[in-house]
Amino acid sequence: MASPRTITIITLSVALGLFFIFMGTIKLTPRLSRDAYNEMKRAYKSYVRALPMLKKMGISSILLRKSIGTLEVVCGIVMTLVPGRPKDVANFLLLLLVLAVLFFHQLVGDPLKRYAHALVFGILLTCRLLIARQPEEQPPEKRILSVNGDEQPLIHEAAPEKGKMKVS
């Protein structure tokens, strides 16, 4: 049976992956929701206006929206379907993307209700990454320390219980 840690990581990966596939698709095409797509177009125009540096670099609102949408879809697919280390890379990229989006929302002065979802999903991405990066807990009987080729139990397990003396 899978450990609770594994179940948590898989559940978060699939849920976050599907969310970012959905949000990225809304940024790329009006097929899912024309209203949401039009709202994204308007929002990204205000982001580019608030950062004239992007205009100077030749980044239009369309390029910014499509780049972010494509990155969300690709990372969402990786989070949902690809096993192993690529999930952590996609998780990290999405976390950086969420931070950038939060910066954009603050820059244009959006109210909290417009970016609350980004905060929540940023926290979920952080939690998933922290849980995934923790080492797998080993059962106590497998914890050994190899010193000069001799296997010995770890010090905290070999120490006698408090109040008892170990006699050899």
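Between Met40 and Met23 the shortest side-chain heavy-atom distance falls below 4.5 Å. Contact check for Phe104 versus Leu64: side-chain heavy atoms found under the 4.5 Å cut-off. Contact of the Tyr47 side chain with the His105 side chain is registered, since non-hydrogen atoms from C-beta on lie closer than 4.5 Å. The shortest distance between side-chain heavy atoms of Leu119 and Leu112 falls below 4.5 Å. Taking 4.5 Å as the limit, every side-chain heavy atom of Phe22 sits out of range of all side-chain heavy atoms of Leu18. The shortest side-chain heavy-atom distance between Ile62 and Tyr44 does not fall under the 4.5 Å cut-off. Using a 4.5 Å heavy-atom cutoff, the side chains of Lys55 and Arg49 are not in contact.
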Next on the checklist: Please determine whether side chain to side chain contact (heavy atoms under 4.5 Å, CB included) holds for the pair Leu97 and Glu72, giving the CA-CA distance in whole Å, both sets of side-chain angles, and the decisive distance to 0.1 Å.
Outcome noted: CA-CA 8 Å; Leu97 195 61; Glu72 286 179 346; 3.4 Å; yes

Item to check | Full working for side chain to side chain contact (heavy atoms under 4.5 Å, CB included) between Val74 and Leu93 | outcome: CA-CA 10 Å; Val74 169; Leu93 289 174; over 6 Å; no

Item to check | CA sep, side-chain torsions, deciding dist, call: Leu107, Leu51, side chain to side chain contact (heavy atoms under 4.5 Å, CB included) | outcome: CA-CA 8 Å; Leu107 190 65; Leu51 273 175; 3.3 Å; yes

Checklist entry - For Arg114 and Glu39, what are the C-alpha separation, side-chain angles and deciding distance, and is it a salt bridge (charged side-chain N to carboxylate O under 4.0 Å, His left out)? => result CA-CA 11 Å; Arg114 297 226 349 118; Glu39 178 60 27; 2.9 Å; yes

Item to check | Residue pair Phe19, His117: steps toward the side chain to side chain contact (heavy atoms under 4.5 Å, CB included) verdict | outcome: CA-CA 11 Å; Phe19 171 77; His117 70 282; 4.1 Å; yes

Checklist entry - Can Ser3 and Thr6 be said to form a side chain to side chain donor-acceptor pair (under 3.5 Å), step by step? => result CA-CA 5 Å; Ser3 71; Thr6 303; 2.9 Å; yes

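The OG1 atom of Thr126 lies 4.5 Å from the CG atom of Leu95; values are rounded to the nearest 0.5 Å. Interatomic distance, Leu12 CG to Leu124 CG, rounded to the nearest 0.5 Å: 6.0 Å. Here Ile26 contributes atom CD1 and Tyr37 contributes atom OH; the two are 12.0 Å apart, rounded to the nearest 0.5 Å. Here Thr80 contributes atom OG1 and Ile10 contributes atom CD1; the two are 12.5 Å apart, rounded to the nearest 0.5 Å.
By the 30° and 60° cut-offs, the orientation of the rings of Phe20 relative to Phe121 is perpendicular.
Residues Val108 and Ser46 come closest through the heavy atom pair CG1-O, 3.6 Å. Across every non-hydrogen atom of Val48 and Ile59, the tightest pair is CG1-O, 4.0 Å. Nearest heavy atoms, Arg128 versus Ser13: NE-OG, 2.8 Å. When all heavy atoms of Leu28 and Lys66 are compared, the closest pair comes out as CD2-O, 3.6 Å. Closest of all the heavy-atom pairs between Arg133 and Asp88 is NH1-OD2, 3.3 Å. Shortest non-hydrogen contact noted between Ala90 and Met79 is CB-CG, 4.0 Å.
The backbone N or O of Lys27 sits less than 3.5 Å from a side-chain atom of Arg65, completing a donor-acceptor pair. Remark: side-chain polar atoms of Ser67 are paired, donor with acceptor, to backbone N or O of Leu63 under 3.5 angstrom. In this structure, Arg5 contributes its side chain and Ala132 its backbone to a donor-acceptor pair below 3.5 Å. Judged by distance alone, the side chain of Asn91 and the main-chain N or O of Lys87 form no donor-acceptor pair under 3.5 Å.
Residues Leu32 and Ile68 share a hydrophobic cluster, clusters being chains of Ile/Leu/Val/Met/Phe/Trp/Tyr side chains in contact below 4.5 Å. Taking hydrophobic clusters as Ile, Leu, Val, Met, Phe, Trp and Tyr residues chained together by side-chain heavy-atom distances below 4.5 Å, Val98 shares a cluster with Phe103.
Tested against Leu94, the residues Leu125, Leu71, Val89 include a single side-chain contact (heavy atoms from CB on, under 4.5 Å) partner, Leu125.
Counting non-hydrogen atoms of other residues, nucleotides and ligands closer than 6.0 Å to CZ of Arg31 gives a total of 12 or fewer.
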